[in-house]
Amino acid sequence: MLIISQLIGIRIRRALEEFVSECTTLSESSIALLDPQLVPATKPEFGDFQVNCALTLAKPLRKPPREIALAIVEKIKHDEQFLELCEVPLIAGPGFINITVKPKCLISELEHRLRDKRLGVPPIDSDRSDKQLSRVVVDFSSPNIAKEMHVGHLRSTIIGDCLARVLEFRGHTVLRLNHVGDWGTQFGMLITHLKQVAPLALKKPDAVDLGDLVDFYREAKQRFDTDITFQALSREEVVKLQSGDEISLKAWSLLCEQSRREFQNIYQRLDIRLTERGESFYNPYLQSVVDGLERSGLLVVDDGAKCVFLEGLVGKDGKALPVIVQKRDGGFNYATTDLAAIRYRFTAIPQGDGACRVIYVTDVGQSNHFFGVFQVAKRAGWIPSDGSLEHVPFGLVQGEDGKKLKTRSGDTVRLRDLLDEAIGRAEKDLRRRLREEGRQEDSAFISNVSSTVGLASVKYADLSQNRITNYQFSFDRMLSLQGNTAPYLLYALVRISGIYRKGGDTDLALSKVEFSEPQEWVLLRELLKFDDVIVLVEKELLPNRLCNYLFELSQVFNRFYDQVPVLKAEEPHRVSRLALCRLTADTLKLGMTLLGIPTLERM
RNA sequence: GGGGCUGUAGCUCAGUUGGAUAGAGCGACGGUUUCCUAAACCGUAGGUCGUGGGUUCGAGUCCCGCCAGCCCCGCCA
């Protein structure tokens, strides 16, 4: 009810302005008094909206809050435009003004949404001030080349995709960037090690498989940490690579190609689209980052390393903490790359991405890093005045023991294994149900439902939690058929599909819409909240708000379904209820699509 | 030592610029099916919102102290 609430807000504000100007002369300070504080009602019995300003105004106006509320209501109840939309407001408690939207307004909203593919969510183009924000970079997933994707990439991938979908739906041009780790010290290590133990892997595509590569990586890392000679060789190798040595580059590109195919496999299963643009992309821009910082006078050479000292962050010794942009050995590091990336992304097309909002979806452990890098970028003047740079952090994935999720043998969990297990468990559940209910389904049905339910459960479990807190991973909970889970939501949709299969009309004679049951009104009001929720998610970048809404909606629908017959109802109730069913289905489907979750007709 | 995040029911978690009696789900206990998929619905029990102060008409929410857990802290990303 975005539009309705905006209109109500305007009318209330008008009444408020009139009232305040009668009490006092409008000064600078009293402008601040003019916010009606219109918010959705906290409880259904309070109506649709509530106005809280009477309580805040009591002190500055030196009047009791109820008196203020009464005066506002007196004015608003003669406002014809307001009365078109709402009943005469009621005053409750210490001075709340409760507002109820008229039934005919709600019904006309319903009719409008049934014809509107966007279900009432405005595209940004309709609001000119948003236009400049239309290019958005979402940096997410970002696995490392020569490693397999593991559970650590799960949240970034799923949350990032969801945020990108919401932003795209709102009409932004979104660049979904996969900032893969395809550069830096780790390649020096790996290539040096491979040269010694498996030189073929660097010359011939797929000479070793990715699993072996991961083992080699682990070995290389261990040698790097313990063997000084190896460390030196690795550093040399990085320098060779960064200076464009042909043999090193060839080896590097073979490794990248091999990992890339593996990543793509996972992204396809999850239905996630990403543009790969690894760290190496910014290689040509690294030197100019250092030069730029030098010119702006921010650069300090400390112990041989070129760095920028941060404001507001102090280390152990009481000295400011540095961001190192060029190491003692002349090499660049991740801070340099991130700075180059920020600069490139904000630079106008065609020299850069022309973005106005850049979003990083990474774990909360990188907060310090981004704090530093963002500050340096700001002080260097690389962020346009209307540009927004946001770190969207998320917590750790933990096992049910509350510790970082590991396999039984203590290894990190591979993403493909995790997805396979979710699907496997979903299939077991489904087969048990089919047996218990004596249903017969072919193998295509079983495999489609299992894989949809399994993947949906993994995604939904992650998205439905406030991303900032650590997330306790549990197959049992996410696949559970009850509660705030993907199967529960999918089931609500399946019930609606059932109604249509059993003879629900799809072309609705909307002129006859009429409601008689409280459950119908509750459902309609819930449906009309959708546009608010999407706009909120876009602003706050919290997908769990959308999940909570879809869960609420499913609960409300299930109550309705349970207590109110649809197909057997007399007209005009039948067509009215079918209209509610269709809008519920449309809303759930669109909501799930924005979460990156496909839906089912039957399950 | 410094910084970040977290602390809400037995468990997992919600809680929109501070608003009315703090909410779900799971688990527990009890009930509902000649009817559109019961993978559902209804009910009961369960709370000093870590803790102590402060701000104010009003604090789970804002400020300060303390306690506990996790993470980060110069050349890895």
Side-chain angles (χ1 to χ4, degrees), chain A residues 35 37 39-40 42-43 46 50 52 55-56 58-59 65 92-96 98 142 144 179 181 184-186 189 221 224 279 302-307 312-318 321-329 331 333-335 337-338 362-369 371 393 395-396 398 400 402-404 429-430 433 437 439 453 464-466 468-472 474 476-477 480-485 487-488 490-492 494-504 532-533 536 539-540 542 544-545 547-548 551-552 555 558-559 561-563 565-568 581 602-603:
Chain A
D35 179 7
Q37 300 182 46
V39 294
T42 51
K43 291 194 169 157
F46 301 150
Q50 61 187 58
N52 295 335
L55 297 111
T56 332
K59 198 164 215 186
F96 297 103
N98 291 338
S142 309
N144 288 318
H179 192 76
T185 317
Q186 78 255 28
M189 276 160 35
K221 171 78 176 142
F224 187 85
E279 295 169 343
D302 192 74
D303 199 12
K306 293 184 179 169
C307 32
L313 260 195
V314 185
K316 292 172 201 170
D317 46 3
L321 283 176
V323 167
I324 295 175
V325 292
Q326 189 161 23
K327 299 186 281 189
R328 198 166 27 205
D329 65 9
N333 64 7
Y334 60 101
T337 310
D338 281 340
T362 80
D363 69 280
V364 66
Q366 295 189 44
S367 297
N368 287 347
H369 166 64
F371 176 86
L396 220 65
Q398 300 174 319
E400 289 181 74
K403 291 183 183 154
K404 195 169 172 179
D429 274 356
L430 177 63
R433 276 181 47 75
E437 293 172 16
R439 278 167 63 188
V453 169
S464 61
Q465 188 127 135
N466 186 320
I468 199 77
T469 54
N470 289 344
Y471 155 51
Q472 199 172 99
S474 160
D476 286 333
R477 276 203 296 272
S480 162
L481 314 166
Q482 297 127 0
N484 189 2
T485 64
Y488 181 88
L490 289 169
Y491 178 61
V494 162
R495 289 182 129 182
I496 300 174
S497 305
I499 292 176
Y500 287 111
R501 262 199 312 280
K502 294 276 165 76
D532 280 295
V533 173
L536 191 70
K539 198 171 75 186
E540 299 185 331
L542 287 174
N544 70 304
R545 293 267 153 88
C547 294
N548 288 345
F551 176 54
E552 286 282 330
Q555 285 191 117
N558 276 330
R559 256 166 240 153
Y561 179 94
D562 214 60
Q563 294 159 15
V566 177
L567 292 178
K568 291 189 169 172
C581 288
R602 296 195 304 123
M603 64 190 276

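Letters A, B, ... mirror the listed sequences (proteins, then strands); counts begin at 1.
For the P atoms, the distance linking B:U21 with B:C36 amounts to 44 Å, nearest Å. Between B:G53 and B:A14, the two C1' atoms lie 28 Å apart (nearest whole Å). When the C1' atom is compared between B:G10 and B:C70, the two are found 23 Å apart, to the nearest whole Å. Taking atom C1' in both B:G74 and B:G3, the straight-line distance is 16 Å, to the nearest Å. With P as the reference atom, B:G50 and B:U16 are 15 Å apart, rounded to whole Å. To the nearest whole angstrom, the two C1' atoms, one in B:C26 and one in B:A68, are 26 Å apart.
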Kindly indicate, with the supporting measurements, whether the criterion side-chain contact (heavy atoms from CB on, under 4.5 Å) is fulfilled by A:Asp302 and A:Ile324. CA-CA 9 Å; A:Asp302 192 74; A:Ile324 295 175; over 6 Å; no
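Residue contacts for A:Leu430: at a heavy-atom cut-off of 4.0 Å it reaches a base atom on one of the strands shown. Note on A:Asn466: only backbone sugar-phosphate atoms sit closer than 4.0 angstrom, heavy atoms only; bases stay farther off. Residue contacts for A:Lys59: at a heavy-atom cut-off of 4.0 Å it reaches the sugar-phosphate backbone alone, with no base atom in range. Residue contacts shown for A:Pro487 are absent, as no nucleic acid heavy atom lies under 4.0 Å away. Across all strands shown, A:Ala58 has no heavy atoms under 4.0 Å from either base or sugar-phosphate atoms. Note on A:Gly498: only backbone sugar-phosphate atoms sit closer than 4.0 angstrom, heavy atoms only; bases stay farther off.
Between A:Pro565 and A:Asn548, the one whose closest nucleotide on RNA chain B sits nearer the 5' end is A:Asn548. Taking for each of A:Gly365 and A:Arg439 the nucleotide of RNA chain B with the nearest heavy atom, the 5'-most of the two is the partner of A:Arg439.
Two residues are said to be in side-chain contact when any heavy atoms from C-beta on lie closer than 4.5 Å; A:Val566 and A:Cys581 meet this criterion. In this structure the side chain of A:Gln37 never reaches within 4.5 angstrom of the side chain of A:Leu55, judged on heavy atoms. The shortest distance between side-chain heavy atoms of A:Thr485 and A:Arg477 does not fall below 4.5 Å.
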RNA chain B in dot-bracket, Watson-Crick or G-U pairs under 3.5 Å, [ ] crossing, | other strand? (((((((..((((.....[...)))).(((((.......))))).....(((((..]....))))))))))))....
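Comparing atom distances between the A:Gln563 side chain and each of B:C42, B:C13, B:A40 picks out B:C42 as nearest. Of the candidates B:A77, B:U37, B:A40, the closest approach to any side-chain atom of A:Asp562 belongs to B:A40. The A:Asp302 side chain lies nearest to B:G74 when the options are B:U12, B:G74, B:C5. With B:C70, B:G74, B:C36 as the candidates, the nucleotide lying closest to the side chain of A:Ile324 is B:G74.
Rounding to the nearest 0.5 Å places CG of A:Asn470 at 11.0 Å from NZ of A:Lys404. Separating the NE2 atom in A:His369 from the OG1 atom in A:Thr362 is a distance of 8.0 Å, to the nearest 0.5 Å.
In this structure, a donor-acceptor pair under 3.5 Å is absent between the side chains of A:Asn558 and A:Gln555.
Taking side-chain N and O atoms only, A:Lys502 has a distance below 4.0 Å to OP1 or OP2 of B:U37. Taking 4.0 angstrom as the limit, A:Thr469 places a side-chain polar atom (N or O) nearer than this to OP1 or OP2 of B:A14.
Side chain of A:Asn52 to backbone of A:Val39: no donor-acceptor contact under 3.5 angstrom is found.
Here B:C5 presents its P atom at 18 Å from CD of A:Gln465, a figure rounded to the nearest Å. When rounded to the nearest whole Å, the span between CZ of A:Arg495 and P of B:A39 equals 8 Å. The distance between atom OH of A:Tyr488 and atom C1' of B:A38, rounded to the nearest whole Å, is 12 Å. The CZ atom of A:Phe371 sits 9 Å away from the P atom of B:G4 (whole-angstrom rounding). In this structure, A:Asn544 atom CG and B:U6 atom C1' are separated by 15 Å, rounded to whole Å. The nearest whole Å value for the distance from the CD atom in A:Gln366 to the P atom in B:C73 is 11 Å. The interatomic distance linking A:Tyr561 (OH) with B:A40 (P) rounds to 13 Å, in whole Å. If you measure from atom CG of A:Leu321 to atom P of B:G3, you get 11 Å, rounded to the nearest angstrom.
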Footprint string (nucleotides 16-25 of chain B, 5' to 3'): B base within contact, S backbone only, - free, heavy atoms under 4.0 Å: BB-BBS-SSS
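With hydrogens and angles ignored, a donor-acceptor pair under 3.5 angstrom links the side chain of A:Asn368 to the base of B:C72. The base of B:A39 has none of its N or O atoms less than 3.5 Å from a complementary donor or acceptor on the side chain of A:Tyr491.
Annotation: salt bridge (Lys or Arg N to Asp or Glu O under 4.0 Å) contacts of A:Arg545 (sequence neighbours excluded): A:Glu540.
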